[in-house]
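One structure is given here, and the rest of the page talks about it.
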Amino acid sequence: MGVMLDNPPSPQSPPSRGGEVFFAKELKLNTDVILLGHGSGGKLSHQLLDELIIPTLSQVAQSDQNDAAILEGIDSTRLAFTTDSYVVDPIIFPGGNIGDLAINGTVNDLAMSGARPLAISVGLILEEGLALAELREVLQAMKAAADKAQVKIVTGDTKVVPRGKGDKIFINTSGIGVFDHDLKILGNAAKPGDKILINGSIGDHGMAVLASREGLDLQSDIATDSMALNHLVTKLLAEFGENVHVLRDPTRGGVATTLKEIALQSQVDICLQETELPITQTVAGACSILGLDPLFVANEGKLLAIIDAEKADAALALMRSQPEGGGAAIIGDVVEKSSGRVMMQTAIGGMRAIEMLAGEQLPRIC
Amino acid sequence: MGVMLDNPPSPQSPPSRGGEVFFAKELKLNTDVILLGHGSGGKLSHQLLDELIIPTLSQVAQSDQNDAAILEGIDSTRLAFTTDSYVVDPIIFPGGNIGDLAINGTVNDLAMSGARPLAISVGLILEEGLALAELREVLQAMKAAADKAQVKIVTGDTKVVPRGKGDKIFINTSGIGVFDHDLKILGNAAKPGDKILINGSIGDHGMAVLASREGLDLQSDIATDSMALNHLVTKLLAEFGENVHVLRDPTRGGVATTLKEIALQSQVDICLQETELPITQTVAGACSILGLDPLFVANEGKLLAIIDAEKADAALALMRSQPEGGGAAIIGDVVEKSSGRVMMQTAIGGMRAIEMLAGEQLPRIC
Amino acid sequence: MKYAGEFRDPALAKAMLATIEKQVADYPGVITLMEVCGTHTMSIYQHGIRNLLPKQIRLISGPGCPVCVTPIEYVDKAVAYARQADVVIATFGDMVRVPGSSSSLLREQASGAQIKIVYSPLDAVALAEKNPEKIVIFLGVGFETTAPTIAGSIVEAKKRGLKNYFVLCAHKTMPTPMAALTSDPELQVDGYICPAHVSAVIGAEAYKPLAEQFKVPCVVTGFEPLDMLRGVQMLVQQVLDGRAEVENEYQRIVKPQGNAKAQALLADVFELCDTGWRGIGMIPGSGLRIRDEFAEFDAEKQIPVEVEEPKEHEGCLCGEILKGKVTPKDCPLFRTACTPENPVGACMVSSEGTCAAEYKYGTD
Amino acid sequence: MKYAGEFRDPALAKAMLATIEKQVADYPGVITLMEVCGTHTMSIYQHGIRNLLPKQIRLISGPGCPVCVTPIEYVDKAVAYARQADVVIATFGDMVRVPGSSSSLLREQASGAQIKIVYSPLDAVALAEKNPEKIVIFLGVGFETTAPTIAGSIVEAKKRGLKNYFVLCAHKTMPTPMAALTSDPELQVDGYICPAHVSAVIGAEAYKPLAEQFKVPCVVTGFEPLDMLRGVQMLVQQVLDGRAEVENEYQRIVKPQGNAKAQALLADVFELCDTGWRGIGMIPGSGLRIRDEFAEFDAEKQIPVEVEEPKEHEGCLCGEILKGKVTPKDCPLFRTACTPENPVGACMVSSEGTCAAEYKYGTD
Amino acid sequence: MCLAVPMKVVEIEEGTAVCEIDGVRREGSLMMLDDVAVGDYVLLHAGFAIEKIDPEEAEKTLQVFREALDAGLGAE
Amino acid sequence: MCLAVPMKVVEIEEGTAVCEIDGVRREGSLMMLDDVAVGDYVLLHAGFAIEKIDPEEAEKTLQVFREALDAGLGAE
Ligand code: SF4
Ligand code: SF4
Ligand SMILES: [Mg+2]
Ligand SMILES: [Mg+2]
Ligand SMILES: [Mg+2]
Ligand SMILES: [Mg+2]
Ligand SMILES: [Mg+2]
Ligand SMILES: [Mg+2]
Ligand SMILES: [Mg+2]
Ligand SMILES: [Mg+2]
Ligand SMILES: [Mg+2]
Ligand SMILES: [Mg+2]
């Protein structure tokens, strides 16, 4: 599909294919589930696209669909480009689904580089037998998330794999961002003295997904924190500019792994304060039952901001004033140039090291 | 990962992580296959990235890896953006594998819009248990294909799904292209009188994959035609400029489906000449055994060019002079403004309609 | 493609077309020829033969697509088997899209059923041998061309001592329904384009009773375009001559008595039975069933299954089309509610079906 | 977190640390205390307790990680079972990364083995009930805290009449190896931080023979940081006082006689046996095996399997570490060839293992 | 192997208790305990309540610390 | 249901022929045919050779067309 960003096609224009053979009664006729033929590239593929995917995600007329989307009016000589695939099980979980996750994740990766998210691509890999109702729910969540983040879904691709060769739905989103400034926000820019901020509580996403997975039988009201952070980043950069040294979203591997990455990249030591970590009681409770450490649990609506100490309190105040940052906290310091250690001062005053997640965190009783 | 296009990091610089714990002996120690932990985002993920994926695909130092790649020195106000996921079974087949397929496919989608491919993202979804040797082969093919197409792999993502929830390896590639000209190459630009050119034989890719799939027991030397077409497109556009109206790669659904799409988008009738279709004897033989129509079989190194009649012979000559177009042919005409029919004059002079592929083409004996 | 390519030669085709034009140049009426084999139907559309013939010649399609004429109850039964946990349905690709009363095999596959498309019934036997914990049921559908291959698979399974290979049998035979059709007073057929590969098995002489009883010309005809044109030319000549004989255009393959070994294989494993034809109804003695000697391979006898109440789709003119009385374009559902990707009736489901061929290849 | 949060209070912790500092202010020597439970080891690192204590107090880790002390032959056997087509291995998450002679359960899973991580052995029973066509083998590893839960699952499986639930049993018991360790003349331990939850089952009195025979102070201690500090303080006081008694810091949970019902469950299902400890060797009477009355649930008795020749990894100092004689940093493989993602020895595999804890949480 | 969590019993049915910690619930078998009542705190390990928590003893233990604190120990 | 392809027999072993068409090979059962030799052309249907092709008859059929062509029919 292709869309001129300056001339978006009017949302009213219906898919403009040949005859009535393309209309909804057919899609409804015998496909409550995805069939292999929906990935053939032929008519069933076009039906799925025209009846469900394109109207839900982008309202681009079929006659404007080409091998690539064309983005016009680019006025930045610098671009950010990122990609992520989403493979979560279950695909729908408290507070969200794989669809908004996939949009927010890529929006956030662009935002973490300081870029303004401009356009997103969506690559769907559907498993034969996926209920259309679930697909619709996922697509609608994608659209709502994109609208909220004010980013356009401009191009896409849909494949279908045989049953048992996939897991309902995998989504790849790639994103392009442009820069409205000259700042360089990079993982190697943390400096001794900097403060480490986070915009809210830790571990919600990973625990929401884990708790809703079959077999663990945990009941809780933990919901994902999945959220787009680009508006918050825009405000942070507008206000604090080059005092913002590093931004990164602590997704897979959690806060611990992400900080370890930054420490290694910037060749600094980082020290966290256990008492300052914002962790909800429920997440802490679920973690204690399963023997997991929330520092290693994934977040999907959080950013770690490493900011010049002088501006840290003001940045914290700004975060807290925003809808994305109500639970913000300063959780630690960059302490010195070094080989990249991360430490944590524990509540009782001890000191422990923080390493990257080794394999996967597994529920354990040891 | 992130890379400055103007300042590519020197290929000599090794991955620059903390201690020796990151080096190859460990990767080799007990991972001849992909484990779930390689998708955890933690240390195993980093090892896989640092030891295999990044050195093979891009040689970007770990310290330059960020949430998004930064592309600098963009001097085009227009961008092309495209995405495709690749899910082929088997992943390695005569003449290529899913890796070069994924690069060539996205390079071609960019080229079909007239853009110069600039940067590519790679999203890997690996199935637990995938042999590292196979992954390495796929990655090496990606790199070789990217080098040949002169496009850089600048950002990536790797996920691992449990065994039985994937199919060895799925690859998403997304691509950004820039325009070195003001031409608009679009699917709705075919005009009555235009000639339809193809750069070589039809159906090779699809039949190569099908014949190598377990169970059909066909022996042949059919190999994929997978190939990047951007250099060919550059030459066509340089020489024939706005006389090139439409470019499209007839992948899934084959030549028939792609021409039907164009006919519908441009609202024209298209007439093919059966006698002019370049189809190798071997592909024709395999198709006749399985009851398949080569017009609906996928190609991965072919383009359909719809070109002003006056320049068609010259364009054909140019194609034939290029390595990508030795078997080029003029296969039909755009005949008139209409609702978008595609017809074919058969060898014996009859006329038949060409529709899109309905579901999947299945081996049949009817 | 030796023995195929030569029979597609454009110059020779034009010469034969000119011959036909010359033949009928002065003929005042319309000669209606029926091809009873779906592969002929496909070939006519694929090569665009219909619009090359002079207007005096009208080609209509008969009940020769075995998928199209398979009753909906059979599809429902295959679906019911597919839903059993240990069953693998093995089938030619043609059957998987056929709509039953409420589902199809493709739909069941999406719900987790194991459907394996094979090229040969011997592949299904190998599948059964390789997966002894599974029950492999092969869908035995087709005319005398295909039925011997299924018979062969049963003989092979017996030889290998397999206990998990079964056939769900709905084979049909060819000349019988032609006689049934011809006896329909509404149907006006001036000549039959007789099946090519069915005849390779049963022999050209098999049409003699039909030609003689109903005084209708029969020409056994190959599937390549030259074969078809020559077959038409021979039929037209019989009509012009007032003859009603069995002639054989396809002598490079079809012998007067057919293939004795294939016939013996058929007779060993199957016996004739009455059977229903979708859109036509019951035709006595037109089907094949598995003999008691091979009952251990008969899915219906060995594997109990509950099947839903059959429900035919409304508004479909398939029955009339299979009798050659109307054409797809006469059906109000054609191209609107009924398409190859969402077939309503049987004629749209197989690529050989008359409606499917018209949809895919028809030029107006 | 009621009954957990209060025992992490920083101010109270500081008060207890000050108390300890005061206690040893004038003590000229070093007091070596061993925690024998892996959960204590974890807790010490996790809360950074070691560097808060005065230099006169040295904490060393004993053989209390049940995963670490499970012999390699056991892992190999689990791997061999996992390779059987119908077997599902059910296990706590801790076991799946443990390296056997040539593989691990995680590696086997990647090759297609069915490994199911459960939170409770009762989940494994439910799994067996839900999948009667599968053989579910639960890996019964752990001390007296965990062994009764596996006993409970066997009782439950019997109640439900399951024929496809089995336990591969390698349970171990606690005070016995402490006695074995203490009798090693090389080992100088001034006091034992006795396990918290093992003691909840066996009772504080269980350490009496140890304290009396070897004249070594024992304090049953909880896992929260305040518990640990108080436990240390009580042990130090015994040392200073020249006492060697069993004291109980963790009275909110641990009774002098323990949990009689849990003990009865253990005694019903298991009986004591000799068993090997990885890195230590055979310790008579330190293991549990399934009684003959429950032999139908004993994987080793019911399901034959061929197991590879055990091959221990070279250069690993685990044995010395489990005895508390050296620390991980003394091992040349630590952090180089041996890491949590690629463990060479047993102490690196479980998150409770001494080497793993030092790797993850150690600050230098 | 001895990770166990203090949880409050909020429901009891047929030998099984629904246990809660800070809003998270999980079932636990009562096979090893007698006389558990709703409102009690138990120690949950691998899906079994392995012991009850004695509130008075907990209080007594904390009291030791408070006395140390009150004695001015640990105050900076 | 009657799709069948003329293929050349290039190898025979134990009742099975390797058949070839334009560089593509597939095995076919010879259960229904006697006297097949390497070099013969057979009609392959669903993995069985169902009939041999008679080269002389093929030639005779084509001859009819050639005669029509030679008679000037169909020439534009
Ligand atoms: S078009 Fe469809 S509904 Fe109409 S006759 Fe044909 S198969 Fe039946
Ligand atoms: S570091 Fe590894 S090799 Fe060394 S003692 Fe510990 S477990 Fe053994
Ligand atoms: Mg394309
Ligand atoms: Mg990314
Ligand atoms: Mg991301
Ligand atoms: Mg695509
Ligand atoms: Mg699935
Ligand atoms: Mg990120
Ligand atoms: Mg694309
Ligand atoms: Mg593409
Ligand atoms: Mg990523
Ligand atoms: Mg697979």
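Numbered from 1 within each chain, the chains take letters A, B, ... in sequence-line order. Bear in mind the structure is a predicted one, so any value in this text is a computation, not a measurement.
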For E:Lys52, is the NZ atom crowded, meaning more than 12 foreign heavy atoms sit under 6.0 Å from it? yes
Where at least one partner belongs to residues 314-336 of chain A, residue pairs that pass side chain to side chain donor-acceptor pair (under 3.5 Å), sequence neighbours excluded: A:Lys195-A:Asp333, A:Lys235-A:Gln322
Whether over 12 other heavy atoms sit under 6.0 Å from E:Glu13 CD: no
Hey, which residues of residues 24-42 of chain E are touching chain A, say heavy atoms under 4.5 Å apart? E:Val24, E:Arg25, E:Arg26
A:Ile289 side chain reached by E:Met7 side chain, heavy atoms, under 4.5 Å: yes
Closest heavy-atom pair, A:Ser288 versus E:Ile21, reported as atoms and distance to 0.1 Å, is OG-CD1, 3.7 Å
Can you tell me if CD on E:Glu59 sees more than 12 non-hydrogen neighbours from other groups inside 6.0 Å? yes
